[in-house]
Number of protein chains: 2
Amino acid sequence: MTSKPKPRQTRQRAEILSALATAGDFRSAQQWHDVLRHESSTVGLATVYRALQSLAESGEVDAVVTDSGETLYRRCEAGDEHHHHLRCRRCGAAEEIDVPDFEAWATQLAATHGYSSIDHTVEITGLCGECAKATN
Amino acid sequence: MTSKPKPRQTRQRAEILSALATAGDFRSAQQWHDVLRHESSTVGLATVYRALQSLAESGEVDAVVTDSGETLYRRCEAGDEHHHHLRCRRCGAAEEIDVPDFEAWATQLAATHGYSSIDHTVEITGLCGECAKATN
DNA sequence: TTGGTATTGATAATCATTGTCAATAAGCGG
DNA sequence: CCGCTTATTGACAATGATTATCAATACCAA
């Protein structure tokens with residue numbers, strides 16, 4: 001295996017993890033950086049990007065890419081179990097959802113097409129109750 | 001309805017549509033622009049971006065956003081029926097697939113969470129036969 | 001404590017995409 | 001067929017998110 005060494009435990013990483021733990025919604029790296037700054041942290045923007053990126057790789061946080069290409073991060077609630085999201089495209093609220101049998105189905109389907117090493121993305125977006133009203 | 005006026009029929013749009021019709025795989029706006037240039041077309045890059053964007057909005061072409069935030073376009077094979085893709089993350093090959101009952105399921109699930117105006121993204125990626133070998 | 005090495009952070013660099021705006025061309029009315 | 005109004009075009013600047021640079025700094029194993 002070519003697993004990465006091991007991240008060092010630094011003040012900034014701790015602060016970032018802490019911020020992630022406090023708010024449970026999806027936010028961009030820049031937004032998390034703002035949050036930290038408001039909490040009088042001095043973490044650099046680049047560091048936030050790097051930390052979120054590495055946390056996402058190791059599966060410690062969820063990452064989704066919006067239609068406009070922005071990457072949003074949020075703490076991962078379900079242990080290390082794979083899951084998906086139902087997200088409000090207006091306010092950003094998100095709920096983790098369960099997609100029964102999707103994994104198995106996807107793997108099998110892919111196999112019939114000769115594909116392997118399957119990965120997938122299932123994102124469901126809509127308007128939450130609040131925003132549906134506001135949009136009227 | 002606030003439907004857009006109606007796109008004018010221009011030489012550049014025709015050329016772009018033509019290129020789309022020739023190759024059936026997913027390519028970025030820049031790549032399509034290159035294709036056109038090689039065919040001695042003089043279309044501008046911005047024009048390609050605009051055309052693909054508008055075609056995607058009207059559902060005449062498929063658009064997917066990669067993990068790195070790039071938007072890829074390709075001609076839409078299935079009439080105006082909604083569909084999904086199985087894509088090779090290495091060579092970009094893609095096949096349209098069918099996700100039985102997913103639509104209905106998604107809509108219902110969303111409703112139970114108070115969400116409306118549901119939209120969704122289902123992308124399955126893997127390694128196609130060719131690339132699986134090459135990666136060994 | 002100390003040295004080797006990750007990590008940090010300010011800033012410059014990338015890169016896809018969008019905005020600008022004068023020049024051009026669709027397509028309608030006559 | 002002929003203007004005319006207005007969408008479209010294209011060269012280029014501008015944006016905005018993300019990544020690279022690189023010297024200074026902080027982990028942490030010995």
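Letters A, B, ... are given to chains in the order of the sequence lines, protein chains preceding strands, and every chain is numbered from 1. On a predicted model such as this, the values are computed, not experimentally measured, just so you know.
The side chain to side chain contact (heavy atoms under 4.5 Å, CB included) search around A/S40 returns none, not counting sequence neighbours. Partners of B/A111 according to the side chain to side chain contact (heavy atoms under 4.5 Å, CB included) rule, which considers only residues two or more places apart in sequence or in another chain, do not exist here. The side chain to side chain donor-acceptor pair (under 3.5 Å) test applied to A/T71 returns no partner, not counting sequence neighbours. Take A/T107 and apply the side chain to side chain donor-acceptor pair (under 3.5 Å) test, not counting sequence neighbours, and it matches no residue. With sequence neighbours left out, B/R27 forms a salt bridge (Lys or Arg N to Asp or Glu O under 4.0 Å) with B/D25. B/A51 pairs by the side chain to side chain contact (heavy atoms under 4.5 Å, CB included) definition with B/I16, not counting sequence neighbours. Residues that satisfy the side chain to side chain contact (heavy atoms under 4.5 Å, CB included) test with A/L45, not counting sequence neighbours, are A/Q30, A/H33, A/Y49. Residues satisfying the salt bridge (Lys or Arg N to Asp or Glu O under 4.0 Å) test with B/R11, not counting sequence neighbours, are B/E15.
The distance from atom CZ of B/R8 to atom P of C/dA25 is 12 Å, rounded to the nearest whole Å. The nearest whole Å value for the distance from the CG atom in A/L36 to the C1' atom in C/dG9 is 14 Å.
Rounded to 10 degrees, the angle separating the terminal axes of the helix from C/dT1-D/dA30 to C/dG30-D/dC1 is 40°, with each axis obtained from five end pairs.
A salt bridge (charged side-chain N to carboxylate O under 4.0 Å, His left out) check over residues 37-55 of chain A, counting only residues at least two apart or in different chains, returns nothing.
Within residues 10-20 of chain A, no residue has any heavy atom under 4.0 Å from DNA chain D.
Side-chain polar atoms of B/R13 and B/S54 form a donor-acceptor pair below 3.5 angstrom.
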Protein proximity profile, nucleotides 11-18 of chain D - base contact B, sugar-phosphate-only contact S, no contact -, cut-off 4.0 Å on heavy atoms | B-----SB
